[in-house]
Every structure is written in structure tokens, then in C-alpha cells.
Amino acid sequence: MDAHPATKESPRRDEGFFERVYEVVEQIPRGCVATYGQVAALMGAPRCARQVGYALHANPRPGIVPCHRVVFADGHICEGFAFGGAEAQRELLEAEGVAFKDDTHVDMKRSRWQAGL
DNA sequence: AACCTGACTTGCA
DNA sequence: ATGCAAGCCAGGT
């Protein structure tokens, strides 16, 4: 009866928008990087790039969530917010085999993570 | 319920 | 190429 739950067409349980971000980021293969917008799109929220970064900031699972593999759309890293600094992050990515265009920019065209490929 | 902030993205000058 | 501003969405207070 009632049958009026209405207001429940939400997209599946969002048991934590953040949890979803970690799930995607954890799947990023080594030697590749993804942008916040890309991770957001993979989780079904191409407009939530900001929340992706916010979720990584919360990073409840350091060591499990390779937040260092997530960079801006330009391939540049935000200095001061990384776990040890954009510099350390750049070295880490480079050590994984990621190509760099500049000391502060990653070559997305070469190291962009292509999900499903 | 409302307001504010925030690891973003894109466009224009 | 660099700098500034506006837009969008979710979480916290």
C-alpha cells in the first residue's frame, strides 16, 4: 500500500561518494596517472571532479589509495596538498614510469590511464 | 534546512 | 603561456 516511497530514484546506494573515489583510484595501474575529472567520470560523476580531490584529501586509506597517481587536467600537481609535496609526487610518478613534459607537468598524452584498455 | 568551503575544470583577457 | 573568475557537486557545521 502506501507505495509512495517516491523521492527514491537516487542512483543506487551512494554509500559514500568518497568510497567510490577510492575504488576507482585504487584501480589505477602503475605507470599511469588519471585526472580528477577522469576518476569522477569513471565513477559516474563527471561533474564531481572537485569532490574527487576532496575525497583524496580525506584519504582514509593511505598506502592503499595511490592518490599520487591523480593529477590535475593539465597534468600538474597542487603543491602543498600532496602527502609530501608536488616535488616528491613527481619523483614518485617518474619512478613508476610516468612521462613528464616539464618539472611540474605530466605528459597526460603518454601516461593518461585509459580505463578498459 | 541553509550556508560555506573545497587535491577541479573550462573559458576569456 | 599566464592569470583571474565562474560554475558544479557533495560533505560538514
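Everything numeric in this text was worked out from a predicted model, so none of it was measured. Residue numbers begin at 1 in each chain, while the letters A, B, ... track the order of the sequences.
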Take the protein atom [atom1] of [X] and the nucleotide atom [atom2] of [N], then report the distance between them rounded to whole Å.
{"X": "H57(A)", "N": "dA7(B)", "atom1": "NE2", "atom2": "P", "result": "6 Å"}
{"X": "I28(A)", "N": "dA7(B)", "atom1": "CD1", "atom2": "P", "result": "18 Å"}
{"X": "R90(A)", "N": "dA7(B)", "atom1": "CZ", "atom2": "P", "result": "23 Å"}
{"X": "H76(A)", "N": "dG3(C)", "atom1": "NE2", "atom2": "P", "result": "11 Å"}
{"X": "N59(A)", "N": "dG6(B)", "atom1": "CG", "atom2": "C1'", "result": "16 Å"}
{"X": "D74(A)", "N": "dA7(B)", "atom1": "CG", "atom2": "P", "result": "17 Å"}
{"X": "L92(A)", "N": "dA7(B)", "atom1": "CG", "atom2": "P", "result": "21 Å"}
{"X": "M43(A)", "N": "dA10(C)", "atom1": "CE", "atom2": "P", "result": "10 Å"}

Measure from the side chain of [X], starting at C-beta and using heavy atoms only, and say which of [options] lies closest.
{"X": "R47(A)", "options": "dA10(C), dC8(C), dA7(B)", "value": "dC8(C)"}
{"X": "F17(A)", "options": "dG11(C), dT10(B), dA7(B)", "value": "dG11(C)"}
{"X": "C67(A)", "options": "dA7(B), dT9(B), dA10(C)", "value": "dA7(B)"}

I'd like to know if R61(A) and E26(A) make a salt bridge, using a cut-off of under 4.0 Å between side-chain N and carboxylate O.
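No.
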Looking at every strand, decide which applies to F72(A) at a 4.0 Å heavy-atom threshold: base, sugar-phosphate, or nothing.
sugar-phosphate
I need the minimum non-hydrogen distance between V98(A) and C32(A), along with the two atoms involved.
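Heavy atoms of V98(A) and C32(A) come nearest at CG2-N, 4.0 Å.
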Write down the atom of Q38(A), the atom of W113(A), and the distance for their closest heavy-atom approach.
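Looking at all heavy atoms of both residues, the closest pair is NE2-O, 2.8 Å.
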Between L56(A) and V70(A), does a side-chain contact (heavy atoms from CB on, under 4.5 Å) hold up when you go through it step by step?
CA-CA 9 Å; L56(A) 290 176; V70(A) 187; 3.8 Å; yes
Donor-acceptor pair under 3.5 Å, Y54(A) side chain vs dA7(B) base
no
